Structure formats: C-alpha cells, structure tokens
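To start, I am sharing the structure in question, which I have written as structure tokens.
Just so it is clear, the structure is predicted and the values come from calculations on it, not from any experiment. Along the sequence shown, residues are numbered consecutively beginning with 1.
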Amino acid sequence: MIADRVRAIWCRELQRDDISVDDDFFALGGQSLIMVRIQGAYMEELGVEIPIDQMFLNSTVASISEYIESAR
C-alpha cells in the first residue's frame, strides 16, 4: 500500500515514528530541505517524480498518497 510506504519515508526523514496519515508535514516540523529529501526518496523508492508544488498542496501522507496513486 502506497500510504504505508509514504509514511515510512516521512518517519525516516522527519525522524519520528508517531506520524499518522492525517498529520500535516509542516505541523510535524517539516521544512524545504526535508521536503527535497522526501522528494528524492519518492523517486528512488516508489519510482515516481512528484513536483514540489504538489508536495506543498498535498501535505499529509493520505493526500500525497492519493496523488501518487492517481499519477501512476
């Protein structure tokens, strides 16, 4: 399931293990440098290229996962 893989990437990059699918990236302390690392992880681990503007617009695990699934 994409959401589980996205959540695992977020947990690793944000160095947290308590992230839910509805938590907001920025509320969790996310910032642009971490976002770029996550973007690279999406490419490397999921095989999808996500534009940075979509990452800003879809700032929860649930919403970015839906975007990734629709982009495939």
Side-chain angles (χ1 to χ4, degrees):
M1 184 172 189
I2 293 293
D4 293 334
R5 295 175 71 189
V6 168
R7 183 183 172 280
I9 292 168
W10 282 34
C11 287
R12 182 182 68 232
E13 297 300 332
L14 290 164
Q15 299 179 351
R16 300 177 65 135
D17 60 359
D18 61 343
I19 297 172
S20 81
V21 295
D22 295 319
D23 286 336
D24 183 85
F25 175 78
F26 301 104
L28 293 168
Q31 39 92 354
S32 60
L33 229 54
I34 296 170
M35 186 176 279
V36 169
R37 290 199 317 254
I38 289 173
Q39 184 183 37
Y42 291 157
M43 288 175 59
E44 185 176 311
E45 298 174 37
L46 304 177
V48 294
E49 188 171 340
I50 307 298
I52 206 77
D53 66 323
Q54 287 301 317
M55 293 177 67
F56 276 99
L57 292 171
N58 296 287
S59 62
T60 67
V61 169
S63 64
I64 197 68
S65 296
E66 288 176 26
Y67 177 83
I68 290 169
E69 288 177 359
S70 71
R72 284 189 157 182

| query | How would you list, by chain and number, every residue that makes a side-chain hydrogen bond (donor to acceptor under 3.5 Å, both in side chains) with Ser20, sequence neighbours excluded? | reply |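 If we apply the side-chain hydrogen bond (donor to acceptor under 3.5 Å, both in side chains) test to Ser20, skipping adjacent residues, the hits are Asp23.
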| field | Within residues 28-41 or reaching into it, pairs that qualify as side chain to side chain donor-acceptor pair (under 3.5 Å) - sequence neighbours excluded | value |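 Residue pairs passing side chain to side chain donor-acceptor pair (under 3.5 Å), neighbours aside: Glu13-Arg37.
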| message | Nearest 0.5 angstrom please: Ile52 CD1 to Ile38 CD1, how far? | response |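 Spacing of CD1 (Ile52) from CD1 (Ile38) equals 9.5 Å.
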Side-chain donor-acceptor contacts of residues 55-63 below 3.5 Å, not counting sequence neighbours, with atom names and distances?
from  : atom 1 : to    : atom 2 : distance (Å)
Asn58 : ND2    : Gln54 : O      : 3.0
Asn58 : ND2    : Gln54 : OE1    : 3.0
Ser59 : OG     : Asp24 : OD1    : 2.5
Thr60 : OG1    : Ser63 : N      : 3.0
Thr60 : OG1    : Ser63 : OG     : 3.0
Ser63 : OG     : Thr60 : N      : 3.3
Ser63 : OG     : Thr60 : O      : 3.3

| At their closest point, which heavy atom of Ser65 faces which heavy atom of Ala3, and how far apart are they? |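 What the structure gives for the nearest pair is OG-CA, 3.2 Å.
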| CD1 on Ile68 to CD on Glu49, rounded to 0.5 Å |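 So the gap between those two atoms works out to 12.0 Å.
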| said: Can you pull out every salt bridge (Lys or Arg N to Asp or Glu O under 4.0 Å) where at least one residue sits in residues 59-71? Sequence neighbours excluded, please. | reply: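 Matches after skipping sequence neighbours: none remain.
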| field | Asp18: salt bridge (charged side-chain N to carboxylate O under 4.0 Å, His left out) partners, not counting sequence neighbours | value |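 For Asp18, the residues satisfying salt bridge (charged side-chain N to carboxylate O under 4.0 Å, His left out) (neighbours in sequence not counted) are Arg16.
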| field | Flag, side chain of Arg7 to backbone of Asp17, donor-acceptor distance under 3.5 Å | value |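 Between the backbone of Asp17 and the side chain of Arg7 there is a qualifying donor-acceptor contact (under 3.5 Å).
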| Within one Ile-Leu-Val-Met-Phe-Trp-Tyr cluster: Ile9 and Val48, side-chain cutoff 4.5 Å |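 Yes.
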| Tell me, which pairs form a salt bridge (Lys or Arg N to Asp or Glu O under 4.0 Å) where one or both residues lie in residues 51-64, sequence neighbours left out? |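 Qualifying pairs: none.
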| message | Holding to side-chain hydrogen bond (donor to acceptor under 3.5 Å, both in side chains), I want the full list of residues that pass it with Tyr42, two or more places apart in sequence or in another chain. | response |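 If we apply the side-chain hydrogen bond (donor to acceptor under 3.5 Å, both in side chains) test to Tyr42, skipping adjacent residues, the hits are Trp10.
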| Does one hydrophobic cluster hold both Phe26 and Leu28, with members joined at side-chain heavy-atom distances below 4.5 Å? |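 Yes; Leu28 is reachable from Phe26 via cluster members.
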| request: For Glu45, check salt bridge (charged side-chain N to carboxylate O under 4.0 Å, His left out) against everything at least two apart and list the hits. | output: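 Per chain and number, Glu45 pairs via salt bridge (charged side-chain N to carboxylate O under 4.0 Å, His left out) with Arg12.
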| query | About how many Å separate CD1 of Ile64 and CG of Leu46, when rounded to the nearest 0.5 Å? | reply |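 Result: 10.0 Å between the selected atoms.
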